[in-house]
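Working notes, structure below.
To find a chain, count down the sequence lines: A is the first, B the second, and so on, and within it residues start at 1.
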Amino acid sequence: MSADDEIAFRAFLATVEPRLHRALAASFGWQRGREATADALAYAWEHWPRVRSMANPAGYLYRVGQSSVRRRKVPVLFDRPVENDAVFEPALAGLLAALTERQRLAVVLVHGYQWTVGEVGELTGLAPSTVHTHLERGLARLRSALEVADHG
Amino acid sequence: MADLSDDIRSFMDSHLNPVTFDEVTGRRAVRSRVARLHLGRVATVVVLLAVAVPVGLALTSARSVTTNHHNHGGARQKVVNALDTTVASGSFDIAFSQQPPTPPTSPVTTTTTSTPVACNQLSDTFQGTVEGAVVGASSTGSASSTATTTASVPTTVASSPPPTTASGGNRVSCPVETLPGPGGLAISGQGTVDTDPFAMVVNTTVPGLGAITLRDDGTDIWELGGGDYGLAPDASDTGPGSSLSGFAGLVEGTLGMRQGALDMMVLASPTGYLELDESAITSADQTGTGTVDGDSVTLYKVTLSPQQEATVAGANTTQTTAIDDALQVLAAQGYTGTTATVAVDGGGYIRQITSTATFSDGSQQSGVTTFSNFGCAGTVLMPGQTGSTSPPASCVSPDSASPTITQTTAAPAS
């Protein structure tokens, strides 16, 4: 890979990694999401000429990461952080883990990170209306569960 | 809800440690090494091909025995890498064609034991004589046969072929190819394969049976047309599905034991028409270059060991059973292995596999499968499943300069 390619890839990494990482972590949890992100970006590095010419490289790499994770067949888990527990709702880890993968993806990216449903759809290949549906259902489940937690 | 939004972001960010450039580029070497070391475990790799046909499907198979281990590491590794890349794409389209086995070229004693041999929905009993042995089909749609023959020609029906229409109004289609022996049919078709989770749909037209759509989820089969295997009685296109291994009787009954068993190997493969298992590859050599669909490809000749084909990494219990059954049928037929030419494009994807399976009597069965639309073939659904079948709207396959055209991969709702 030439020096120019490396520079271009570094710029690509800086732009794509945060979004790709958040999306894959939302889908598969921190550990698996990070592994998937690293796998997908390693794929991009190995196939950089092709990836850089893609119209939607982040969307393609999301699928690469998705395939990487699913081949491992490891359960989805959000381990509750040992620190900063007081910063957010203590039940959040379990509640997010209880959502479906797509509901969790939509809730985290749209509600947590303020992505538009269109942006989520572009990355995942889902129709915006589908993302919206998953978002609504996921939020409804979270609200319901949080009420139970608050009153329990 | 603003608080919840902040909570979610804080929660997620609490353990998001960015992936760095050094980690990515260093991971490249690690992945390659891991891929080599774990090929056997992952099952993945390596080549194959084959072909298939479900009650009419077709495929291309590739297995062969070789005593020469010309494991030219570079070529073999490139094939393995191409397999890995192709599987990792998640989905691809296939187009295949398959020729029936050629006649034997030398006398050979073959012991054939098959139970059951079936050919679609048989409503009437018929009997035909095969080189002195009696082959019968019962009204249940299956038959058992045992024949020991010394044949210098394909073992086919010596008596009149069975009826092709039912006197009682039910369909009876059991052409001569349904009887043990090379038999076979020229078949072509197209389909889509999802690799994770595995799901495959194939459309083909089988002489004598017409159009057939086959869906395979790795455990069960739904055959629309032909024997309507896996479909509910009287239902036009839905049903609970029936076991993969139980489908062998129909496939082998329709295509003959050789072509049928080779096709069952494909149907039972965790990667469908892209049947791969590194442990089965005994050699690989780069043989030249060519083009597939206008794209330049590098050609690798690969030989596969049938002794290794029983162990397919990633296969579930049902698939393993079906593979074992097919290998037993092939062994009884004198199968000696397959050679295949694997075409790999500049992006590292397997674009075509041309395979020839060889039998001890000199008979050969060949097939060609072409792969395309990597990562953009959509989601294959089984009957009763719901969900989106479309690939990402902006999906562009590495083998295509334009957005993919989605073909129908949805299944009828139950």
>> Is A:Leu126 in contact with chain B via its backbone, its side chain, both, or neither, using a 4.5 Å heavy-atom distance?
In response: neither
> Which of the residues B:Ser89, B:Gly348, B:Pro18 is involved in the greatest number of heavy-atom pairs with chain A at under 4.5 angstrom?
Replying inline: B:Pro18
> For the ring pair B:Phe11 and A:Trp30, is the centre-to-centre distance below 6.0 Å?
Replying inline: yes
>> Can you confirm whether the side chains of B:Asp7 and B:Ser10 place a donor and an acceptor under 3.5 Å from each other?
In response: no
>> When you measure from the centre of the six-membered ring of B:Phe21, is the NZ or CZ of A:Arg10 closer than 6.0 Å and no more than 45° off the axis?
In response: yes
>> Given heavy-atom pairs under 4.5 angstrom as the criterion, report whether the side chain, backbone, both or neither of A:Leu13 touches chain B.
In response: side chain
> Checking B:Thr20 against chain A: side chain, backbone, both or neither under 4.5 Å from a heavy atom?
Replying inline: backbone
Enumerate donor-acceptor pairs with a distance under 3.5 Å from any side-chain N or O in residues 112-123 of chain A to protein atoms, sequence neighbours excluded.
unit_1	atom_1	unit_2	atom_2	d
A:Tyr113	OH	B:Asp13	OD1	2.5
A:Gln114	NE2	A:His111	O	2.9
A:Gln114	NE2	B:Ser5	OG	2.9
A:Thr116	OG1	A:Gly118	N	3.4
A:Thr116	OG1	A:Glu119	N	3.0
A:Glu119	OE1	A:Thr116	N	2.8

>> Please identify, among B:Gly375, B:Gly346, B:Ser388, the residue contributing the most non-hydrogen atom pairs under 4.5 Å to chain A.
In response: B:Gly375
> Any idea which of A:Arg63, A:Met54, A:Arg34 has the most non-hydrogen atom pairs under 4.5 angstrom with chain B?
Replying inline: A:Arg34
> Which heavy-atom pair separates B:Thr86 from B:Ile350 by the least distance, and what is that distance?
Replying inline: OG1-N, 2.9 Å
